Amino acid sequence: MAEGKVLSGAGLRGQIAGKTALSTVGVSGSGLTYRGYDIQDLADNCEFEEVAHLILKGHLPNSAELVEYKSRLRSLRGLPNALKEVLERIPKSAHPMDVMRTGCSVLGNLETEEDFKQQGAAADRLLAIFPSIICYWYRYSHDGLRINENTDDDSVGGHFLHMLRGEKPKTLHAQTMNVSLILYAEHEFNASTFTARVCASTLSDMHSCVTGAIGTLRGPLHGGANEAAMDMIENFRDADHAEQEMLGMLERKEKIMGFGHAIYKESDPRNAIIKLWSEKLANDVGDKTLYPVSVRCEEVMWREKKLFCNADFFHASAYHFMDIPTKLFTPIFVMSRLTGWAAHVMEQRADNRIIRPSAEYTGPEPRKVTAIDKR
Ligand SMILES: CC(=O)SCCNC(=O)CCNC(=O)[C@H](O)C(C)(C)COP(=O)(O)OP(=O)(O)OC[C@H]1O[C@@H](n2cnc3c(N)ncnc32)[C@H](O)[C@@H]1OP(=O)(O)O
Ligand SMILES: O=C([O-])CC(=O)C(=O)O
């Protein structure tokens, strides 16, 4: 095993905070495996629903199991009326990640997980309903439409694109969504998953764990980076302009979203995969700007700082080429990462001890309260 990045200091870096059989991240410097399968192998050969089954149920399904699982997920797409009413009240100006967080939390009130025996069913329901939650709110608040969330699309990604646009997606888009959802599905003890595990360790319910995880994923240092990367690259006129602006940002010591990683030290293995799909989409739409701009950003960051693109960077251009609004980028991450979060919740519950680390105290020495009139 190659040596990992030298991890020290704040942020619990380098600390083993628990055990997992779900994935390995950066074990050979750059690799990623889900239950022993390499991410490239999964992205090349699987449907997202197969990977979700692998993560949530422990093994890759055979054909009959996959048919059954997909049909089950299709049957769980419908939104309860009370949830639709809540979604209709959330303004257009809301951030879609807040909509996801609220949607998950409301579902926890309507379909409360009463017993851990229901955890598998709760996870399947969330996996099936998240695309409906975000699209129902988006189409209602932006287009004044009450969409039918019970589409007959075969896949989670196809279902999402169908509801977003009101028509079945073209094959290239459905394929890209499939790969994207596989890439984002699971990633060991990242911040949002760790949030879910901390919550699970108190023996809380699935919806609380996932709601907390959504809030954690929202930040630009984590899942929110795909949106932040898009906001940045769409301001660049061409590759030379991108280079000039990037150099300025580096000079000013600004963080550049979509680059760097807490664990990987040489590359994020998801990047090469999504970059290829971004290139295919660029050719499909005849793009002559955004893809070359993205490639130049990657070159500049590596040349200047040895910082590489993480999973989020080329997701920005890929989603943009599919005409997905930027503010929906991170909710797509939620639709996928639900699998990892829920599986970690189940794993934590199976061998639980409340997660409660210690702090190094840096405050004042013990002292007495001064009477209020003397302060
Ligand atoms: C799917 C995901 O969640 S992937 C992560 C998505 N997040 C982003 O893309 C946000 C941008 N990236 C970052 O902020 C960071 O790289 C993180 C949060 C991902 C990792 O943080 P850390 O582990 O603390 O980073 P790390 O220790 O490698 O940083 C080393 C140095 O590189 C710098 N650096 C790291 N990433 C970047 C970046 N994207 N832009 C500019 N400088 C950076 C750090 O500021 C630090 O500099 P310093 O030593 O002068 O303080
Ligand atoms: O592992 C991390 O710190 C962040 C990440 O890439 C992910 O959650 O996919």
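As the structure lists them, so they are numbered: ligands from 1, and atoms in each ligand from 1. Everything quoted here is computed from the prediction, not taken from an experiment.
Contacts with ligand 1 closer than 4.0 Å are made by no heavy atom of Asn190, backbone or side chain. With a 4.0 Å heavy-atom cut-off, ligand 1 is reached by the backbone of Leu221 and by its side chain too. Counting heavy atoms closer than 4.0 Å to ligand 1, residue Phe333 contributes side-chain atoms (C-beta onward) but none from N, CA, C or O.
Scanning all protein heavy atoms for the shortest distance to atom 4 (C) of ligand 2 gives His261 NE2, 3.5 Å. If you check which protein heavy atom lies closest to atom 1 (O) of ligand 2, you get His187 ND1, 2.7 Å.
Atom NZ of Lys306 has more than 12 heavy atoms from other residues, nucleotides or ligands within 6.0 Å.
Closest approach of Met257 to Pro220, counting heavy atoms only: SD-O, 3.5 Å.
Ring pair Tyr140/Tyr136 is parallel by interplanar angle, where below 30° counts as parallel and above 60° as perpendicular. Under the 30°/60° scheme for interplanar angles, the aromatic rings of Tyr319 and Tyr184 are found to be tilted.
Relative to atom 41 (C) of ligand 1, the option among Met246, Glu254, Lys305, Lys253 with the closest non-hydrogen atom is Glu254. Of the candidates Lys306, Lys255, His315, it is Lys255 that places a heavy atom closest to atom 13 (C) of ligand 1.
Using a 4.0 angstrom heavy-atom cutoff, Met249 does not count as in contact with ligand 1. Using a non-hydrogen distance threshold of 4.0 Å, Gly258 registers as a contact of ligand 1. Residue His187 places every heavy atom at 4.0 Å or more from ligand 1.
Between Lys70 and Glu47, at least one side-chain N (NZ, or NE/NH1/NH2) sits under 4.0 Å from a carboxylate O, which counts as a salt bridge.
Partner of Thr330 under the side-chain hydrogen bond (donor to acceptor under 3.5 Å, both in side chains) criterion, chosen from Arg337, Glu227, Arg218: Glu227.
Atoms of ligand 1 found under 4.0 Å from any heavy atom of Met257, numbered from 1 in the order shown, are 9 (O), 10 (C), 11 (C). Close contacts of ligand 1 with Ile256, meaning ligand atoms under 4.0 Å from a residue heavy atom, involve 11 (C), 38 (C), 39 (N), 40 (N), 41 (C).
Considering backbone and side-chain N/O atoms, His222 comes within less than 3.5 Å of an N/O atom of ligand 1.
Rounded to the nearest 0.5 Å, atoms CG (Asp240) and CD (Glu245) are 12.0 Å apart.
A side-chain donor-acceptor contact under 3.5 Å links Ser180 and His315.
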